[in-house]
Protein chains: 2
Amino acid sequence: MTDLKSLANPLFLREDELRQAIELLFYAYRDFTRGPDEILERYGFGRAHHRALHFISGNPGITVAELLAILRITKQSLSRVLSALIEGGFVRQQQGTRDRRQRQLFLTDQGKHLERQIATVQQAKVAEAYREAGAEAVAGYRKVLSGLIDAQERPAILRAIQRR
Amino acid sequence: MTDLKSLANPLFLREDELRQAIELLFYAYRDFTRGPDEILERYGFGRAHHRALHFISGNPGITVAELLAILRITKQSLSRVLSALIEGGFVRQQQGTRDRRQRQLFLTDQGKHLERQIATVQQAKVAEAYREAGAEAVAGYRKVLSGLIDAQERPAILRAIQRR
DNA sequence: AAAACTATGGCAGTAGTGTTGACATATTTT
DNA sequence: AAAATATGTCAACACTACTGCCATAGTTTT
């Protein structure tokens, strides 16, 4: 019966398939974040610090409000993380040019170095998975993950990601 | 130059592409976990409780040690979560048949109901993403995410996922 | 110029999830 | 009988997140 169904319509989504998709995401995320965690630990930082470093690295001069919107955490949660990064000399703030209330965020050389160190590990992992899977699979990966992003913000996020 | 490179070798992985892959995973995970979080909150539970419910649901009679290996957390972390689920009547334990030291875990009817409620939300999201992306993309998604799982455990995990 | 709004920052308190290490109990294996 | 295993529990700690409240500086509106 299952076979009949999937023959008739390959996009008939059995619950098993959906469960697999969900578990794959869980396992991949679980293992993907382990490398960074080990590096961060040496600096006394956690994942939240990495996320900040990552998005400041990709968006130099980003404001606090913009970063909050990306990370979807509260001001207070980000504040702690940013303070630690600034205190440690990994991030610097600069008064906004257009609006002087804003604090634009930049990585210092030390911050760039740490970000690079982590990015290298993660990128190596992705690069290997990409090579194993092939170009076509990569396109599929992107399509499906894009579809999991909230529809409302999807266009803006995809634009931001592909901008570079 | 970038164009020349990618023309010459479509799998030449530019840093941009790798960054995109990483950010897609971040955004997808961020949004994918939001639905469940809202439901869980009503019960006073968090993500860790859901993960336990999920894997007990898919593996009725799973032992504590097996669940620990999947979640990769410490005994103490799981213990707190399991105690809450048992106390709330969502999970029940049963002494192992083969080895009476083991506690096999099962969802109660109430537990099944909660698990179902969350699974429905997540599965709907995946189903939509799958439909939008198409069957080929789904295969690619699976391939790439599989490649992100630690190589050592990959075979066992893939077997477990596809077992059903 | 005054009032209202905005961007940021800080404080206090709380919760969820994770960690380590030590110890206890029941059961199985050697 | 001794050693090993599966589980549970206690205490203590860290990271990340939350809420609510208040403060300051700067911008926009009236």
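Within every chain, numbering begins at 1; the chains are lettered A, B, ... in the order of the sequence lines, protein sequences first and strands thereafter. Please read all numbers here as calculations on a predicted model, not as lab measurements.
- The base of D:dT7 lies outside donor-acceptor range of the side chain of B:R101, with no N or O pair under 3.5 Å.
- Computed from coordinates, the B:Q95 CD to D:dA6 C1' distance equals 11 Å when rounded to whole Å.
- Toward the 5' end of DNA chain D, the nearer of the two residues A:R47 and A:T97, judged by each one's closest nucleotide, is A:R47.
- For B:S77 and C:dT19, the shortest distance from a side-chain N or O to OP1 or OP2 is below 4.0 Å.
- Whole-Å rounding puts the B:R98 CZ to D:dT7 C1' distance at 15 Å.
- Aromatic rings from A:F26 and B:F55 are positioned such that their centres are separated by under 6.0 Å.
- Closest to the side chain of A:A48, out of C:dT17, D:dA17, C:dT19, is D:dA17.
- Look at A:S79 and you'll find a side-chain N or O under 4.0 angstrom from OP1 or OP2 of C:dG10.
- A salt bridge links B:E15 with A:R116: the closest approach of a Lys/Arg side-chain nitrogen to an acidic carboxylate oxygen falls below 4.0 angstrom.
- Whole-Å rounding puts the A:R103 CZ to D:dT24 P distance at 14 Å.
- In this structure, A:Q104 atom CD and C:dA7 atom P are separated by 14 Å, rounded to whole Å.
- Of the candidates C:dT8, C:dT17, D:dA6, D:dA6 carries the atom nearest the B:D99 side chain, counting heavy atoms from C-beta on.
- Nearer to the 5' terminus of DNA chain D, by closest-nucleotide assignment, is the contact made by B:V64 (compared with the other of A:R100 and B:V64).
- Atom pair B:Q93:CD and D:dA6:P shows a separation of 16 Å (rounding to whole Å applied).
- Taking 4.0 angstrom as the limit, B:R51 places none of its side-chain polar atoms (N or O) nearer than this to OP1 or OP2 of C:dG16.
- Going from atom CD1 of B:I62 over to atom P of D:dT7 covers 10 Å, rounded to whole Å.
- By the 4.5 Å heavy-atom criterion applied to side chains, A:E17 and B:R142 are counted as neighbours.
- Counting heavy atoms from C-beta on, the side chains of A:L105 and A:Q94 never come closer than 4.5 Å.
- As a whole-Å value, the separation of A:Q102 CD from D:dT28 P is 10 Å.
- Close to D:dC18, at under 4.0 Å from its OP1 or OP2, lies a side-chain N or O of A:T74.
- Between A:R34 and A:D31, at least one side-chain nitrogen of the basic residue sits less than 4.0 Å from a carboxylate oxygen of the acidic one, meeting the salt-bridge criterion.
- Look at NZ on B:K75: it is 13 Å from P on C:dA24, rounded to the nearest Å.
- The side chain of A:I73 has D:dC18 as its nearest neighbour among D:dC18, C:dT19, D:dT16.
- Side-chain atoms of A:T63 lie closest to C:dT8 of the nucleotides C:dT8, D:dT7, C:dT28.
- For B:Y29 and A:Y29, the gap between ring centers is short of 6.0 Å.
- A donor and an acceptor atom sit less than 3.5 Å apart, one in the side chain of B:R80 and one in the base of C:dG18.
- Proximity of A:H49 to the phosphate of D:dT16: a side-chain N or O atom is located under 4.0 Å from OP1 or OP2.
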